[in-house]
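These numbers come from the heavy atoms of this one structure, side chains and all, not from hydrogens, waters or symmetry mates.
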Amino acid sequence: MVASFALRGLCRARAALRCDPAELLWVPRRGHRLTPADDELYQRTHISLLQRESPQSMYIESYSSRGFMVNGNRVLGPCALLPHSVVQWNVGTHQDITEESFSLFWLLEPRIEIVVVGTGDRTERLQPQVLQAMRQRGIAVEVQDTPNACATFNFLCHEGRVTGAALIPPGGTVLTTLAHSAE
């Protein structure tokens with residue numbers, strides 16, 4: 001009797017294992033496909049944090065040609081992000097960045113390890129004497145275009161590094177789009 005129940009169970013299991021080959025080849029389909037250019041069309045990004053691990057950290061939530069959204073606060077124009085504060089940064093372009101405009105980064109305690117510089121739409125070279133002055137004070141400088149600088153700053157802050165940022169809003173593509181829509 002026990003043997004017949006076992007044999008019957010094996011036959012049912014074997015039948016369940018057999019299935020149509022078309023069912024094995026079924027692959028779920030996506031309703032849409034993203035290309036790398038989809039997010040880059042508007043030259044801005046937006047992140048939403050579900051839960052902050054450390055509420056005292058700075059996070060750049062979004063950026064546009066007008067400025068930045070940092071920890072829920074709107075900042076217009078170029079800004080300098082320090083570990084616990086945001087200040088307006090008095091520069092217009094990467095050519096206005098001098099040793100004096102970086103002085104606020106080496107006056108702070110605890111010392112900032114790295115300053116991420118966003119130079120607008122494109123990565124631009126800073127003056128060699130400015131970079132040398134920062135290096136002499138033991139502060140690393142990472143120069144990138146502003147969208148990448150925002151991402152790098154968020155990543156470094158998430159790692160718990162003492163990080164500063166000097167950001168110039170990107171403006172070329174968004175401003176030309178607004179100008180064409182006004183015509």
Using the rule that Ile, Leu, Val, Met, Phe, Trp and Tyr join whenever any side-chain heavy atoms are under 4.5 Å apart, tell me whether [X] and [Y] fall into a single cluster.
X: Ile97; Y: Ile112; value: yes
X: Trp89; Y: Val86; value: no
X: Leu156; Y: Leu81; value: no
X: Val130; Y: Leu107; value: yes
X: Leu82; Y: Ile60; value: no

How close do [X] and [Y] get, heavy atom to heavy atom, and via which atoms?
X: Thr146; Y: Gly118; answer: OG1-C, 3.4 Å
X: Pro83; Y: Leu108; answer: CD-CD1, 4.3 Å
X: Cys150; Y: Phe68; answer: SG-CE2, 4.0 Å
X: Asn71; Y: Tyr59; answer: OD1-N, 2.9 Å
X: Val75; Y: Gln88; answer: CG1-NE2, 3.7 Å
X: Ser65; Y: Gly171; answer: CB-CA, 3.9 Å

Hey, does [Y] have a side-chain heavy atom less than 4.5 Å from the side chain of [X]?
X: Thr119; Y: Val143; answer: yes
X: Glu124; Y: Leu126; answer: no
X: Pro169; Y: Tyr63; answer: no

Practice problem: Look at Glu113 together with Arg111 and state whether they make a salt bridge at an N to O cut-off of under 4.0 Å. | Solution: no
Self-check item: Arg137/Glu99 ion pair, N-O < 4.0 Å
Solution: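 Salt bridge: yes.
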Quiz item: Distance-only, no hydrogens or angles: does the Asp96 side chain make a donor-acceptor pair with backbone N or O of Gly92 under 3.5 Å?
Solution: yes
Self-check item: Candidate list Thr163, Thr152, Val162, test side chain to side chain contact (heavy atoms under 4.5 Å, CB included), partner Ile114, passing option
Solution: Thr163
Self-check item: Option passing side chain to side chain contact (heavy atoms under 4.5 Å, CB included) with Leu131 (candidates Met134, Gln129, Arg135)
Solution: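 The option that passes is Arg135.
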Quiz item: Rounded to the nearest 0.5 Å, what separation is found between the CG atom of Asp145 and the NE2 atom of His94?
Solution: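 Nearest 0.5 Å value for the CG-NE2 distance: 13.0 Å.
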Quiz item: Can you list every ring pair (Phe, Tyr, Trp, His ring centres under 6.0 Å) pair that touches residues 135-157, not counting sequence neighbours?
Solution: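 Qualifying pairs: none.
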Quiz prompt | Asn90 atom CG: more than 12 heavy-atom contacts under 6.0 Å | solution = no
Exercise. Could you tell me whether Gln136 atom CD has more than 12 heavy atoms of other residues or ligands within 6.0 Å of it?
Key: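 Yes - once you tally the heavy atoms of other residues, nucleotides and ligands closer than 6.0 Å, there are more than 12.
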Quiz item: Going through the checks in order, is the side chain to side chain contact (heavy atoms under 4.5 Å, CB included) test met by Phe102 and Val117?
Solution: CA-CA 10 Å; Phe102 270 134; Val117 181; 3.6 Å; yes
